[in-house]
Amino acid sequence: MNHTQIGDESPMTQRILFAPARIRLPQRFLAGVVLTFALALGFFYWLMRPSMFELQAMALFLAITAGISVLAGFIAYRLGWIYRTPHISWALMGSYALAGALTFLNVWVTARLMFASKHDLMLATVLLVFAGGIAMSLGYFLSAALNRQITDLAEGAKAIAEGDLDARVPVYGRNELAELARIFNDMAARLKAADQKQRELDAMRRNLVAWAGHDLRTPLASIQAMIEALADGVVTDPSTVQRYLDTSRRDIQALSHLIDDLFDLAQFDAGALELDRHPTLMADLVSDTIERFSGLAEQRKIRLEGRVAANVARVNIDAQKVERVLANLIGNALRHTPAGGEVAVRVERVAEGVQVEVRDAGEGIHPDDLPYVFDQFYRGEKSRSRATGGSGLGLAIAKRIVEAHGGEIMVESAPGEGAVFRFTLP
């Protein structure tokens with residue numbers, strides 16, 4: 001399909017746009033006329049078995065009318081009127097009219113030279129005019145159907161330009177216009193999805209500023225208050241001073257972790273995450289991670305245990321990042337499991353590869369919160385307390401790490417029945 005554009009482009013640009021069509025279309029037209037001339041002359045010879053004089057005369061007549069047709073068609077093409085009409089149906093009707101006029105000219109001139117009877121010539125003229133009118137009527141009927149498809153596409157494009165991303169156009173048949181309509185609908189669907197994604201990102205950015213400000217301001221205010229109390233000599237008791245220092249150290253560590261999480265999340269979103277994959281024994285990875293939390297589990301009187309299936313050997317992963325995912329899930333499980341409860345880690349082979357499961361005996365996750373647990377800064381409890389909620393970034397980071405490995409992470413839970421987090425590694 002040759003896309004030709006008439007508008008505000010410079011003459012050089014217009015020449016570049018028109019040039020391919022000028023090279024191909026006239027040659028096709030000329031080749032069609034020559035082929036038709038040869039076929040008509042051959043058909044005449046096969047049917048009539050004319051003498052050489054009659055054959056030469058017919059060849060001359062056909063050559064003259066063919067030359068007139070080529071000249072008329074080339075002039076119409078060079079004038080570019082087919083591109084300048086306000087409606088494509090008008091352009092098609094003009095094409096039918098020109099084709100009908102050339103057909104009339106070709107037949108009428110030949111008949112004028114060959115018919116001996118004036119009555120027969122007039123009858124042929126009437127029949128040609130009638131046939132041309134029928135052809136024009138049929139052409140208008142068919143062009144109206146095509147014009148309807150083009151009008152639908154124009155109205156759909158106008159609706160999209162005005163912001164109606166739900167606009168779709170009907171698809172008729174299987175021709176090029178139908179394919180264009182299908183492509184248009186697919187484009188509209190993609191635009192709507194992109195717009196929805198952009199809205200979500202904008203809302204996420206606004207929430208990010210608000211949530212990060214809250215999570216940074218709270219420990220900073222605590223640190224500032226305690227340091228000012230120490231600096232002003234308000235607190236002098238050694239045990240209280242030590243308690244203030246310990247609290248400040250914990251808040252500084254929390255700020256450091258939050259800043260690290262924000263930096264990592266920015267890297268993930270920018271596509272800068274690089275994996276250092278090596279064959280890793282999952283049993284060692286699970287054992288080392290559980291060992292890190294054994295003291296906390298013992299302090300909270302929670303049973304923490306892990307089991308790796310015997311058929312799970314080495315997995316080609318970035319061990320440090322996968323350990324971070326596992327540590328985040330175990331830490332969350334311990335934070336939400338009451339004393340006397342159990343946190344269990346299971347690793348087994350599945351069809352997708354290796355599945356890691358972390359199950360707790362906590363209060364569970366409300367169904368309204370389940371779709372959002374992997375969103376940035378989302379916490380199920382609305383108080384946003386660090387005692388129970390963390391920074392709200394751990395699960396978002398875990399999701400990106402798992403997906404970067406080509407895996408999938410999911411959660412199942414019900415209020416009062418604990419939660420089960422699972423992720424797969426291919």
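The chain is numbered in sequence order, starting from 1.
- Atom CD of Q320 has 12 or fewer heavy atoms from other residues, nucleotides or ligands within 6.0 Å.
- Comment: R249 engages D246 in a salt bridge, judged by a side-chain N to carboxylate O separation of less than 4.0 angstrom.
- Residues R250 and T247 have side chains that bring a donor and an acceptor to within less than 3.5 angstrom of each other.
- Remark: E403 CD is packed, more than 12 non-hydrogen atoms of other residues, nucleotides or ligands lying under 6.0 Å away.
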Decide salt bridge (Lys or Arg N to Asp or Glu O under 4.0 Å) for R307 and E305; before the verdict, give the C-alpha distance in whole Å, the side-chain angles of both, and the deciding distance to 0.1 Å. CA-CA 7 Å; R307 181 174 62 83; E305 55 102 16; over 6 Å; no
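- Atom CD1 of I317 is separated from atom NE2 of H278 by 11.0 Å, given to the nearest 0.5 angstrom.
- Interatomic distance, L334 CG to L329 CG, rounded to the nearest 0.5 Å: 11.0 Å.
- Counting heavy-atom neighbours within 6.0 Å of R190 CZ, excluding the residue itself, gives a total of 12 or less.
- At distances below 3.5 Å, at least one donor-acceptor pair connects side-chain atoms of T424 with backbone N or O atoms of E408.
- Between the side chain of D318 and the backbone N or O of D276, at least one donor-acceptor pair lies under 3.5 Å.
- With hydrogens and angles ignored, the 3.5 Å screen pairs no side-chain donor or acceptor of D360 with any backbone N or O of V420.
- Salt-bridge formation is detected for the pair E179/R182: a Lys NZ or Arg NE/NH1/NH2 atom is positioned less than 4.0 Å from an Asp or Glu carboxylate oxygen.
- Atom CD1 of residue I397 and atom CG of residue N328 lie 8.0 Å apart, to the nearest 0.5 angstrom.
- In summary, E412 and R422 engage in a salt bridge, as defined by a charged side-chain N under 4.0 Å from a carboxylate O.
- Between E342 and R303, at least one side-chain nitrogen of the basic residue sits less than 4.0 Å from a carboxylate oxygen of the acidic one, meeting the salt-bridge criterion.
- To the nearest 0.5 Å, atoms CG (L326) and CZ (F293) are separated by 8.0 Å.
- Between the S256 side chain and the I252 main chain, no donor and acceptor come within less than 3.5 Å of each other.
- Environment of CD in E298: sparse, with no more than 12 heavy atoms of neighbouring residues, nucleotides or ligands closer than 6.0 Å.
- Side chain of S294 to backbone of E291: a donor-acceptor contact under 3.5 angstrom is found.
- Here R346 does not pair with E348 in a salt bridge; the nearest charged N to carboxylate O distance is not below 4.0 Å.
- Distance check, rounded to the nearest 0.5 Å: NE2 of H405 to CG of N316 gives 8.0 Å.
- Looking at residues two or more places apart in sequence or on another chain, you find a side-chain contact (heavy atoms from CB on, under 4.5 Å) between S413 and I365, L370, A419.
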Please test R199 against D195 for salt bridge (Lys or Arg N to Asp or Glu O under 4.0 Å), starting from the C-alpha separation and ending with a verdict.
-> CA-CA 6 Å; R199 292 176 186 272; D195 180 71; 2.8 Å; yes
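- Nearest heavy atom pair, residue L180 against residue L153, reads CD2-CD1, 3.5 Å.
- Counting non-hydrogen atoms of other residues, nucleotides and ligands closer than 6.0 Å to NZ of K399 gives a total of 12 or fewer.
- Judged by distance alone, with hydrogens and angles left aside, the side-chain atoms of R292 form no donor-acceptor pair with the main-chain N or O of D288 at under 3.5 Å.
- Taking every heavy atom of both residues into account, A59 and F37 meet most closely at O-CE1, 3.5 Å.
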